[in-house]
Amino acid sequence: MAEDAVAAVPTEPTTLRKPRIKKAPDLPILERRNWLIHLHYVRKDYEACKTLIKEQLQATEGVCEYAVYVQALILRLEGKIQESLELFQTCAILNPTSPDNLKQVARSLFLLGKHRAAVEVYNEAARLNNKDWEICHNLGVCYLYLKDLSKSKEQLNLALQLHRQELSTMTLGKIHLMEGDTEGAIQTYLQALQLSPESTELLTTLGLVYLQNGLFQKAFEYLGNALTYDPSNYKGILAAGCMMQSHGDYDVALSKYRVAASSVPESSPLWNNIGMCFYGKKKYVAAISCLKRALYLSPFDWRVLYNLGLVHLSMQQYASAFHFLSAAISLHHGNATLYMLLAGDV
């Protein structure tokens with residue numbers, strides 16, 4: 001009996017199943033448009049951003065924290081500080097554990113001049129996050145406006161311990177200068193300069209401190225370095241021109257001031273210095289024209305009034321000299337030179 005042949009049944013080739021792509025989880029309705037609000041905000045497209053915020057707040061019945069937060073930021077940029085404060089306070093109610101919301105509330109209070117209230121809110125934010133250097137720095141600035149220099153220095157030093165940065169160093173150096181500690185201010189700026197050797201702000205400030213203390217060689221060195229890194233640095237140009245002007249190099253000083261005038265044409269100190277350069281060159285009409293412009297930009301600057309009185313006195317225009325010198329004395333009583341010129345005029 002012949003054995004029946006068993007036919008092999010062909011098997012179908014196994015196909016690898018493609019893994020299913022997981023669908024991104026749907027965002028809660030409260031946060032669904034946050035990414036788009038953020039996108040328009042960073043692009044500074046504030047009108048579209050405000051339209052989206054309005055729609056989002058209507059959809060969420062006003063409880064979307066991020067939409068309220070960005071709306072408050074936009075209002076602050078528009079100068080509506082009180083309205084932004086109210087919205088930041090709403091954010092703090094919606095999320096009371098967020099130190100960022102409290103920081104923004106305190107910032108708005110600071111901009112409104114309510115420094116003591118700002119200190120209280122910053123202290124509350126510090127209890128939520130005691131490693132934030134910005135909170136310590138802002139506390140130091142608030143104490144500075146409250147004239148509590150010891151607490152201000154304490155907070156600024158704490159900010160520098162948490163994070164070495166230029167902002168707290170500049171404020172700390174300013175406090176040293178207010179206390180008359182010039183050496184302490186210089187050391188503070190030099191330490192910061194080791195971390196940021198190309199900082200034009202630090203180089204210019206250090207040059208100005210040396211200039212005010214009569215150390216012209218060091219002042220010229222640091223101001224020159226500042227202008228090397230930023231040739232359009234207004235403060236550096238003005239200080240360097242002032243040094244040259246004090247040494248009688250009026251033409252060189254005027255060339256420096258010409259560069260500064262192209263970037264900051266509405267500066268009263270700049271036009272005051274230009275006017276006194278022309279006075280040094282005995283071009284009195286040009287000097288009066290520049291000083292009048294400086295006075296227009298800063299009508300309560302007694303130095304400009306003093307210089308105008310001096311120029312008119314040199315031109316033997318005694319009535320005009322008397323007018324400007326009297327106005328300068330009414331604004332600044334403690335300058336003996338003003339009384340001497342007024343007596344000479346009379």
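Atoms considered below: every heavy atom in the structure, side chains included; atoms not considered: hydrogens, waters and symmetry mates.
- For Ser326, there are no side chain to side chain donor-acceptor pair (under 3.5 Å) partners, not counting sequence neighbours.
- Cluster annotation: Leu77 is connected to Leu85 through the hydrophobic network of ILVMFWY side chains, with a link wherever side-chain heavy atoms come within less than 4.5 Å.
- With hydrogens and angles ignored, the 3.5 Å screen pairs no side-chain donor or acceptor of Ser298 with any backbone N or O of Leu295.
- Of the possible donor and acceptor atoms, none in the side chain of Asp249 sits under 3.5 Å from a partner among the backbone N and O of Val252.
- Between Ser108 atom OG and Gln82 atom CD the span is 9.0 Å, to the nearest 0.5 Å.
- Taking CE from Met170 and CG from Leu202, the interatomic distance works out to 5.5 Å, rounded to the nearest 0.5 Å.
- Checked against ring-ring contact (aromatic ring centres under 6.0 Å, His included), Phe216 has the following partners two or more places apart in sequence or in another chain: His247.
- Not counting sequence neighbours, the partners of Tyr66 by the side-chain contact (heavy atoms from CB on, under 4.5 Å) test are Asn34, Ile37, His38, Val70.
- Under the 4.5 Å side-chain heavy-atom criterion for ILVMFWY residues, no single connected hydrophobic cluster contains both Leu208 and Tyr257.
- Applying the salt bridge (charged side-chain N to carboxylate O under 4.0 Å, His left out) test to residues at least two apart or on different chains, the pairs with a partner in residues 281-309 are Asp251-Lys281, Glu266-Arg293, Asp301-Arg303.
- Residues satisfying the ring-ring contact (aromatic ring centres under 6.0 Å, His included) test with Tyr296, not counting sequence neighbours, are none.
- Pairs of residues two or more places apart, or lying in two chains, that qualify as ring-ring contact (aromatic ring centres under 6.0 Å, His included) and include a residue from residues 96-124 are Phe110-His115, Phe110-Tyr145, His115-Tyr145.
- Legend: residues meeting ring-ring contact (aromatic ring centres under 6.0 Å, His included) with Tyr143, ordered by chain and number and at least two apart, are absent.
- Here the closest heavy-atom approach between residue Ala72 and residue Ser84 is recorded as O-CB, 3.3 Å.
- Inspection of the Ser168 and Gln165 side chains reveals an N or O donor paired with an N or O acceptor under 3.5 Å.
- Residue pairs meeting the salt bridge (charged side-chain N to carboxylate O under 4.0 Å, His left out) criterion with at least one member in residues 183-192, sequence neighbours excluded, do not occur.
- Through direct or relayed side-chain contacts under 4.5 Å between Ile, Leu, Val, Met, Phe, Trp and Tyr, Leu156 connects to Leu144, Leu149, Leu160, Leu172, Ile175, Met178.
- Other members of the cluster containing Ile237 are Leu227, Val259, with ILVMFWY side chains joined at under 4.5 Å, either directly or via other members.
- Salt-bridge annotation for Lys174 and Glu179: absent, with no side-chain N of the basic residue lying under 4.0 Å from a carboxylate O of the acidic one.
- Shown here for Tyr234 and Ala260, the closest heavy-atom pair between the two residues is CD1-CB, 4.2 Å.
- Residue Phe220 qualifies as open at atom CZ: its count of foreign heavy atoms under 6.0 Å is 12 or below.
- Using modelled atom types, no side-chain atom of Ser196 and backbone atom of Ser199 make a donor-acceptor pair closer than 3.5 Å.
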Could you give me the CA-CA distance, side-chain angles and deciding distance for Cys136 and Leu162, then say whether side chain to side chain contact (heavy atoms under 4.5 Å, CB included) is met?
-> CA-CA 9 Å; Cys136 298; Leu162 294 171; 3.9 Å; yes
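- Side-chain atoms of Asp230 never come within 3.5 Å of backbone atoms of Thr200 as a donor-acceptor pair (strictly under, hydrogens ignored).
- Trp271 and Leu254 fall within the same hydrophobic cluster, where Ile, Leu, Val, Met, Phe, Trp and Tyr residues are linked whenever their side-chain heavy atoms come under 4.5 Å apart, directly or through other members.
- Atom CD of Gln58 has more than 12 neighbouring heavy atoms from other residues, nucleotides or ligands inside a 6.0 Å radius.
- Judged as a ring-ring contact (aromatic ring centres under 6.0 Å, His included), and not counting sequence neighbours, Tyr189 has no contacts.
- Pairs engaging residues 87-111 under the salt bridge (charged side-chain N to carboxylate O under 4.0 Å, His left out) rule: Asp100-Lys103, Lys103-Asp132, Lys103-Glu134 [sequence neighbours left out].
- Side-chain atoms of Asn213 come within 3.5 Å of backbone N or O of Val209 as a donor-acceptor pair.
- No donor-acceptor pair under 3.5 Å is formed between the side chain of His163 and the backbone N or O of Ala159.
- By the criterion of side-chain heavy atoms lying less than 4.5 angstrom apart, applied directly or through intervening Ile, Leu, Val, Met, Phe, Trp or Tyr residues, Tyr69 is grouped together with Leu75 in one hydrophobic cluster.
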Start with the C-alpha gap between Lys50 and Glu47, add the side-chain angles, then the distance that decides, and say whether salt bridge (charged side-chain N to carboxylate O under 4.0 Å, His left out) holds.
-> CA-CA 5 Å; Lys50 286 192 287 187; Glu47 293 304 320; 3.5 Å; yes
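- No hydrogens or angles considered: nothing links the side chains of Thr204 and Tyr222 as a donor-acceptor pair under 3.5 Å.
- Judged by distance alone, the side chain of Asn130 and the main-chain N or O of Ala126 form no donor-acceptor pair under 3.5 Å.
- Cluster annotation: Trp35 and Tyr41 are assigned to the same hydrophobic cluster (Ile/Leu/Val/Met/Phe/Trp/Tyr, side-chain heavy-atom contacts under 4.5 Å, transitive).
- Remark: side-chain polar atoms of Ser289 are not paired, donor with acceptor, to backbone N or O of Ala286 under 3.5 angstrom.
- Between Arg76 and Glu83 no salt bridge is recorded (no basic side-chain N to carboxylate O distance below 4.0 Å).
- Side chain of Thr60 to main chain of Gln56: a donor-acceptor pair is present (N/O by atom type, distance under 3.5 Å, no hydrogens or angles).
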